[in-house]
Peer 1: 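Here it is, the structure, as structure tokens.
Residue numbers begin at 1 in each chain, while the letters A, B, ... track the order of the sequences.
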Amino acid sequence: MKRRGSFCARSVHDVAPELVGATGLVDGVGGKIVEVEAYHHEDPAAHSFGGRTQRNATMFGPPGHAYVYRSYGVLWCVNFVCEEGSAVLIRALEPTHGLEVMAQRRGTTEPRLLAAGPGRLAQALGLTGEHDGLPLDRPPFELYAAEDVAIVVGLRVGITKAAELPWRYGEAGSKSRTSRIRPLRRS
DNA sequence: CCTACGATCCCCT
DNA sequence: GGGGATCGTAGGC
């Protein structure tokens, strides 16, 4: 996308909604991002809250890199690093490229189960801890500017701290999201 | 359709 | 030594 290098070097609250509708590929496999969550460094739910550690070191590095961490010991989740130790968790995408590869990695051809959910998405795109810290503006990554899509805003899921913050963004009406977002507002 | 729960690893305190 | 930014399966309705 234009301004690719600096796109993430802004507030996570600006970057997160603008990523909805963008297309992201890894080695040519991926699709349209339809759901994300923002994690700010002053937000108790963020991994970077409380300062730099071994696991979250990438979040404190330069913006525009991938922060990949292991979740529940069994899966990987992918974030785009933004400014000041904040990041956008990529929660779901609508598969458009490399459907057969995704189906093989996921062990299903059911479209809804390919990349709806952060763990499924990482598996479908072949992302693991080896991608942690890699720049997003170079291969194997490709990013393309967002379509003009209607956005729904709601509460983040799966967290216990700061659960009331409306920092989850999705494409309105998408069938490739993880679940219904009870809309707080639209834009 | 829905809810409940176990798996399984690192990182962190 | 505890606890997840989750997923799949099992079972009930």
Peer 1: For DNA chain C, what residues of residues 89-114 of chain A have any heavy atom nearer than 4.0 Å?
Peer 2: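 Heavy-atom cutoff 4.0 Å gives Leu89(A), Arg91(A), Arg106(A).
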Peer 1: Is it the case that the side chains of Thr178(A) and Arg168(A) hold a donor-acceptor pair, with the cut-off being a distance below 3.5 Å and no angle test?
Peer 2: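 Yes.
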Peer 1: Could you tell me whether a side-chain N or O of Glu171(A) sits under 3.5 Å from a main-chain N or O of Ser176(A), the two making a donor and an acceptor?
Peer 2: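 No.
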Peer 1: Ignoring hydrogens, what is the shortest heavy-atom contact between Arg177(A) and Arg112(A)? Give both atom names and the distance.
Peer 2: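 Scanning both residues completely, I find the closest heavy atoms to be O-NH1, 2.8 Å.
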Peer 1: Could you state the atom-to-atom distance from CD of Gln54(A) to P of dT13(B) in whole Å?
Peer 2: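 Between P of dT13(B) and CD of Gln54(A): 12 Å.
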Peer 1: Looking only at heavy atoms, which two atoms of His47(A) and Asn56(A) are closest? And how far apart?
Peer 2: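 Scanning both residues, the minimum pair turns out to be O-ND2, 3.0 Å.
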Peer 1: Please report, rounded to the nearest Å, how far the P atom of dT6(C) is from the CZ atom of Arg70(A).
Peer 2: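 Atom CZ in Arg70(A) sits about 15 Å away from atom P in dT6(C).
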Peer 1: Suppose the criterion is salt bridge (Lys or Arg N to Asp or Glu O under 4.0 Å): which pairs have a residue in residues 38-67 of chain A, not counting sequence neighbours?
Peer 2: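 Applying salt bridge (Lys or Arg N to Asp or Glu O under 4.0 Å) to every pair that reaches into residues 38-67 of chain A, excluding sequence neighbours, yields Asp43(A)-Arg156(A).
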Peer 1: In whole angstrom, give the distance that lies between atom CH2 of Trp76(A) and atom P of dT8(B).
Peer 2: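 Taking CH2 of Trp76(A) and P of dT8(B), I get 16 Å after rounding.
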Peer 1: Take the protein atom OH of Tyr67(A) and the nucleotide atom P of dC11(B), then report the distance between them rounded to whole Å.
Peer 2: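 These atoms are roughly 10 Å apart.
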Peer 1: May I have the distance from Arg120(A) (atom CZ) to dT9(C) (atom P), rounded to whole angstrom?
Peer 2: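 After rounding, the gap between these two atoms is 10 Å.
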Peer 1: May Tyr72(A) be described as stacking on the base of dA7(B), applying a 5.5 Å centroid limit and a 30° limit on plane angle?
Peer 2: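 No, aromatic ring not over the base.
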Peer 1: With nearest nucleotides of DNA chain C determined for Leu121(A) and Lys161(A) from heavy-atom distances, which residue corresponds to the more 5′ nucleotide?
Peer 2: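 By nearest-heavy-atom nucleotide position, the 5'-most residue is Lys161(A).
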Peer 1: Can you tell me the distance, in whole Å, between the CZ atom of Arg168(A) and the C1' atom of dA5(C)?
Peer 2: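 Roughly 11 Å, once rounded to whole Å.
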Peer 1: Can you tell me how far P of dA5(C) sits from CZ of Arg55(A), to the nearest Å?
Peer 2: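 So the two atoms are 7 Å apart, to the nearest Å.
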Peer 1: Which atom pair, heavy atoms only, marks the closest approach of Glu83(A) to Ser86(A)?
Peer 2: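 Of all heavy-atom pairs spanning Glu83(A) and Ser86(A), the closest is O-OG, 2.6 Å.
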Peer 1: Contact class for Arg156(A) (heavy atom, under 4.0 Å): base, sugar-phosphate, or nothing?
Peer 2: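 Result for Arg156(A) = nothing.
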Peer 1: What is the separation between atom CD on Gln123(A) and atom P on dG8(C), rounded to the nearest whole Å?
Peer 2: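 The distance from CD of Gln123(A) to P of dG8(C) comes to 7 Å, rounded to the nearest Å.
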